[in-house]
Amino acid sequence: MKTIIITGGAGFIGSHLIRLFVNKYPDYKIINLDKLTYAGNLANLKDVEKMPNYEFVKADIVDADHMFEIFDKYQPDGVIHLAAESHVDRSIANPNEFIFTNIVGTTNLLNAARKTWGDKLDDKLFYHVSTDEVYGSLGETGFFVETTAYDPRSPYSASKASSDHLVRAYGHTFGLPSVISNCSNNYGSYQFPEKLLPLFINNIRNKKALPVYGKGENIRDWLWVEDHARAIDVIYHQGKVGDTYNIGGHNEWTNIDLIKLMCKIMDSKLNRKEGESEQLITYVKDRAGHDMRYAIDSSKLQDELGWTPSLQFEEGLEKTIDWYLESDEWMNEVTSGDYQKYYDEMYKNR
Ligand code: NAD
Ligand code: TDX
């Protein structure tokens, strides 16, 4: 039986990855290592929590001693590392937490893996989940490829870039078997409503203003979260040790076009007059240092490992909207407590 530690498994992408692995690999023991920050929610994993090959361990990756203890106890064959502070706006408001979790936390995990594995490195793997934001911002043309020079421009992306460098450095210097993937914007169920899609779906539903940063002309490349989880599965099992793989949807949208499409779908689902939800669009002060365009070239992953996105965007968006509309209990739970305080603080001066 293989043991894999998945960090950040109670978050958005991590919960989808855990669901995939626990169901697909009954002979793997999956350890979900998560601190349960505001973004971590065990309700995301209700359907797998009783599975015999799943275990949750509450821990902070910034606590180095605790990481050694956990690795010593479970003797993992692999690590898939997703735990991170992940929201760009929070990194602008308060960068320090991003340095601790994303840089120090990643280093603690690398040290724990190194110490536990020693020179028995056969079949061991440290898989680091990263973002396309490490490559910076594109102009009107071109795509990020795996060899694009790093040019991070927010505290979030700088902290993720640092963690990528550390993973590569441990591979190069200490021979730690590692692999990295850099993915574009994910969308789907269980995403915390601080990110564009769930935040706007929730606001449209509650007839609240839709705060569009700047002119809404920034471009993002959207990928269905379950396709990201499938890509991680393929890379974990078939990727070349030491390599990097870009993951993306070839699915670019300006924010404003995407928001208008969401409004249109929701008008129809909520039996509102056509155009009603678009009235909620409010242009607000731009995000500081707002990256203009991200676009991923994932042909290496497609050509070498045969992965392709499974869902057309319009279909995925509709499924996603349906999920949030049907999941009031989940949404009410995550938007109670500190959420309103966060919202007021983040949007008050825009
Ligand atoms: P998320 O914010 O939804 O979840 C992060 C999880 O990490 C939460 O469960 C949280 O409790 C946990 N965590 C945070 N700090 C921790 C700590 N110190 N110790 C232990 N656990 C901690 O994030 P997400 O959107 O699911 O992103 C997961 C990973 O994928 C991140 O590394 C992110 O950089 C990367 N990524 C995200 C996207 C995206 O579009 N969301 C795209 C590309 C890459
Ligand atoms: O209220 C908003 N208004 C708005 O116009 C919010 C929250 C966002 N936006 C814009 C900013 C971006 O151009 O929408 C776009 C998407 O914003 P986010 O959902 O915050 O995502 P982004 O900044 O693109 O980063 C995301 O993708 C890459 C994730 O949060 C990262 O974790 C991932 O690495």
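One-based numbering, in listed order, for ligands and for the atoms of each.
In K160, neither the side chain nor the backbone holds a heavy atom less than 4.0 Å from any atom of ligand 2.
Remark: ligand 1 and N186 share an N or O pair separated by less than 3.5 Å (distance only, no angle test). Every N/O-N/O distance between H228 and ligand 1 stays at or above 3.5 Å. Inclusion of E85 in the set of residues having an N or O under 3.5 Å from an N or O of ligand 1 is not warranted. Residue T37 has at least one nitrogen or oxygen atom sitting less than 3.5 Å from a nitrogen or oxygen atom of ligand 1, judged on distance alone. Backbone and side-chain nitrogen or oxygen atoms of L196 are examined, and one is located within less than 3.5 angstrom of a nitrogen or oxygen of ligand 2. Taking any N or O of F200, backbone or side chain, none lies under 3.5 Å from an N or O belonging to ligand 2. Note: an N/O pair closer than 3.5 Å links E133 and ligand 2 by distance alone. Between V62 and ligand 1, not a single N/O pair is under 3.5 Å apart. Geometrically, ligand 2 and Y213 share a nitrogen or oxygen pair separated by less than 3.5 Å. Distances between N or O atoms of D60 and those of ligand 1 include at least one value under 3.5 Å. For ligand 1, the polar-atom distance check finds an N/O of L82 within less than 3.5 Å of one of the ligand's N/O atoms. For the pair R287 and ligand 2, the shortest N or O to N or O distance falls below 3.5 Å. Distances between N or O atoms of Y156 and those of ligand 2 include at least one value under 3.5 Å. Ligand 1 has an N or O atom lying under 3.5 Å from an N or O atom of I61, backbone or side chain. Residue A83 places no N or O, backbone or side chain, under 3.5 Å from any N or O of ligand 1. Inclusion of N218 in the set of residues having an N or O under 3.5 Å from an N or O of ligand 2 is not warranted. On a distance-only criterion, E194 and ligand 2 share no N/O pair closer than 3.5 Å.
The only option from S130, S159, S157 that meets the side chain to side chain donor-acceptor pair (under 3.5 Å) definition with N102 turns out to be S159.
A salt bridge links R293 with E252: the distance from a Lys NZ or Arg NE/NH1/NH2 to an Asp or Glu carboxylate oxygen falls below 4.0 Å. Salt-bridge annotation for K120 and D77: absent, with no side-chain N of the basic residue lying under 4.0 Å from a carboxylate O of the acidic one.
Side-chain atoms of H16 and S189 form a donor-acceptor pair, as typed in the model, at a separation below 3.5 Å. Checking Y339 against E194 by side-chain atom types alone, no donor-acceptor pair falls below 3.5 Å. Side chains of S277 and K264: a donor-acceptor N/O pair is absent below 3.5 angstrom, by distance only. Side-chain N/O atoms of Y170 and H165 include no donor and acceptor closer than 3.5 Å. In summary, the side chains of N53 and Y25 do not present any donor paired with an acceptor at a separation below 3.5 Å, with no hydrogens or angles considered. For the residue pair N218 and H290, a side-chain donor N or O sits within less than 3.5 Å of a side-chain acceptor on the partner. With no hydrogens or angles considered, no side-chain donor-acceptor pair links Y187 and R220 at under 3.5 Å.
For V241 against L125, the heavy-atom pair with the smallest separation is CG2-CD1, 4.2 Å.
Using a 4.0 angstrom heavy-atom cutoff, A59 counts as in contact with ligand 1. T7 does not count as a contact of ligand 1, since none of its heavy atoms falls under 4.0 Å from the ligand. Residue contact annotation: Y156 has a non-hydrogen atom under 4.0 Å from ligand 1.
Each of the atoms 2 (O), 8 (C) of ligand 1 lies under 4.0 Å from some heavy atom of A39. Against a heavy-atom cut-off of under 4.0 Å, K195 is close to the following atoms of ligand 2: 19 (O), 30 (O). Near H290, meaning under 4.0 Å from one of its heavy atoms, ligand 2 places the atoms 11 (C), 12 (C), 13 (O).
Between W253 and F313, the angle of the ring planes lies from 30° to 60°, which puts this pair in the tilted group. Relative orientation of the W330 and Y324 rings is perpendicular, given thresholds of 30° and 60° on the angle between their planes. Using the six-membered ring where Trp is involved, Y156 and F98 have ring planes that are perpendicular, over 60° apart on the 30 and 60° scheme.
Looking at atom 32 (O) of ligand 1, its nearest protein heavy atom turns out to be K160 NZ, 2.7 Å. Regarding atom 42 (C) of ligand 1, its nearest protein heavy-atom neighbour is S184 O, 3.3 Å. Looking at atom 9 (O) of ligand 1, its nearest protein heavy atom turns out to be D34 OD2, 2.6 Å. Shortest contact from atom 3 (O) of ligand 1 to any protein heavy atom: F12 N, 3.1 Å. With respect to atom 41 (N) of ligand 1, the closest heavy atom belonging to the protein is I13 CD1, 3.7 Å. Here the heavy atom of the protein found nearest to atom 23 (O) of ligand 1 is S86 OG, 3.2 Å. At the shortest separation from atom 21 (O) of ligand 2 among protein heavy atoms lies N185 ND2, 3.5 Å. Protein heavy atom in closest approach to atom 5 (C) of ligand 1: A84 O, 3.5 Å.
By the 6.0 Å and 45° rule, K285 does not stack over the aromatic ring of Y213. A cation-pi arrangement is not found for R19 relative to Y54, the charged atom failing to lie both closer than 6.0 Å to the ring centre and inside a 45° cone about the ring normal. A cation-pi arrangement is present between K208 and Y343 under the rule of less than 6.0 angstrom and at most 45 degrees off the ring axis. A cation-pi arrangement, defined by a distance under 6.0 Å to the six-membered ring centre and an angle within 45 degrees of its axis, is present between K115 and F68.
Proximity of V284 to T282: side-chain heavy atoms (C-beta onward) are separated by under 4.5 Å at one or more points.
Closest heavy-atom approach to atom 14 (O) of ligand 2 among the candidates D291, N255, D89: N255.
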